[in-house]
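In listed order, ligands and their atoms are each counted from 1. All heavy atoms count here, side chains included; hydrogens, waters and symmetry mates do not.
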Amino acid sequence: MTTKIIMDTDPGIDDAAALTMAINDPSIDLKLVTAVAGNVTVDKTTANALKIIHFFGKDIPVAAGAEQPLIKPFEDAARIHGESGMPGYDFGNDYGQPIKTTAVEALHDAIMAEDEVTLVPTGSYTNIALLFSEYPEVKSHIKRIVAMGGSMSGGNMTSVAEFNVFTDPDAARIMYNSGIPIVMVGLDVTLKALLTKDTIEKLGQMNKTGEMLHALITHYNDGTDEGRPMHDVNTIFYLLHPEAFTTKKMWVDVQTEGPTIGATVGDVRAAYHDGKTNAEVCLDIDADYFNKWFLDEVSKMN
Ligand code: BDR
Ligand code: CA
């Protein structure tokens with residue numbers, strides 16, 4: 001059985017790797033890709049999503065989304081992902097165009113066409129928040145949201161905030177209060193499952209896909225030469241191999257102002273929400289399994 005998913009993304013090097021896995025794994029049916037401003041501006045994230053899809057010769061629609069967060073001023077992460085968002089590999093100029101509909105309209109149409117679909121956001125959640133505000137009827141068609149973002153153990157933007165949530169905390173709060181079950185794939189696991197130096201070297205000698213990923217990853221300014229976090233890829237790994245994760249259900253609140261802006265706070269003592277939970281939070285991961293799976297997946301590609 002295949003899992004129908006929609007990815008909302010901001011490629012971004014680790015987003016590109018997550019798209020690579022989702023496009024190619026036979027048990028995932030990627031229906032639509034929507035782009036959001038995040039790692040770089042939305043014109044670039046849209047073009048980058050198209051480049052990856054074109055690289056694999058697939059015909060998956062891409063829609064351009066929000067140019068900026070709901071309230072907070074936009075700040076990119078080009079210092080991590082380069083000015084283009086996907087440096088180091090020449091994808092050429094012939095990679096097609098986004099569809100004419102906006103991300104919110106495309107998300108609405110694609111979700112309503114399915115009985116059940118899984119949303120996989122790997123950028124800030126601006127498009128998702130706009131979708132839920134404009135078309136709340138989509139919620140009953142979404143089985144769950146498997147989202148990269150957040151942290152229970154310290155941030156990568158501030159001492160408490162992770163980039164995707166920090167970029168648009170107001171959108172994150174809307175998503176976490178949507179009533180849809182959320183799997184939070186945050187820094188608690190993505191910083192443990194580093195792609196090792198050995199894995200990265202092997203990728204470069206594997207095949208055309210491995211060469212492409214190797215080129216991008218060696219231009220990626222996150223982690224160190226000993227290991228690089230492939231944050232967004234962990235969402236796809238979770239969908240395919242949840243047994244590799246240790247999770248805990250809890251209520252997650254999002255801070256939207258002050259020095260803790262962008263923090264995800266887990267109500268681990270069930271002090272504020274009458275024992276109700278809105279998220280299953282990934283707390284631990286089998287990092288060796290992640291590296292092995294990553295190489296196995298790419299070895300099956302061209
Ligand atoms: C997240 O921030 C972005 O830079 C990455 O693509 C990932 O989605 C990690 O904090
Ligand atoms: Ca991302």
Please confirm whether the ring centroid of H54 lies under 6.0 Å from the ring centroid of F91. no
I'd like to know if the side chain of N127 and the backbone of A35 have a donor-acceptor N/O pair within less than 3.5 Å. yes
Can you list the ligand 1 atoms lying under 4.0 Å from a non-hydrogen atom of T122? 8 (O)
Considering only heavy atoms from C-beta outward, does the side chain of E134 approach that of E105 to under 4.5 Å? yes
Would you say the ring centers of Y95 and F55 fall short of 6.0 Å from each other? no
Could you tell me whether K192 and D284 make a salt bridge, using a distance below 4.0 angstrom between a side-chain N and a carboxylate O? yes
T101 side chain near H108 side chain, heavy-atom distance below 4.5 Å: no
Numbering the atoms of ligand 1 from 1, which are under 4.0 Å from a heavy atom of D14? 5 (C), 6 (O), 7 (C), 8 (O)
Classify the contact between D222 and ligand 1 as side chain, backbone, both or neither, using a heavy-atom distance cut-off of under 4.0 Å. neither
Short N or O distance, H231 and ligand 1, threshold 3.5 Å exclusive: no
Do K202 and F294 form a cation-pi contact, if we require the NZ or CZ to be under 6.0 Å from the six-membered ring centre and within 45 degrees of the ring's axis? no
Identify the closest protein heavy atom to atom 3 (C) of ligand 1: which residue and atom is it, and at what distance? N39 OD1, 3.2 Å
Among all protein non-hydrogen atoms, which one is nearest to atom 8 (O) of ligand 1, and what is the separation to 0.1 Å? D232 OD1, 2.6 Å
Closer than 4.0 angstrom: is that true for some heavy atom of M157 and an atom of ligand 1? no
Decide if the gap between the ring center of W251 and the ring center of Y272 is smaller than 6.0 angstrom. no
Below 3.0 Å, any N, O or S contact between T122 and the Ca ion (ligand 2)? yes
Atom of D232 nearest the Ca ion (ligand 2) (restricted to N/O/S, atom name only): OD2
Around atom 1 (C) of ligand 1, find the nearest protein heavy atom and jot down its residue, atom name and distance. E162 OE2, 3.3 Å
Atom nearest to the Ca ion (ligand 2) - D10, N, O or S atoms considered: OD1
For M148, the ligand 1 atoms with a heavy-atom partner under 4.0 Å come out as 1 (C), 7 (C), 8 (O), 9 (C)
Side chain to side chain, I53 and P61, heavy atoms closer than 4.5 Å: no
With heavy atoms of F163 as the reference, note each atom of ligand 1 found under 4.0 Å away. 2 (O), 3 (C), 4 (O), 10 (O)
Decide whether the shortest distance between a heavy atom of I80 and an atom of ligand 1 is less than 4.0 Å. no
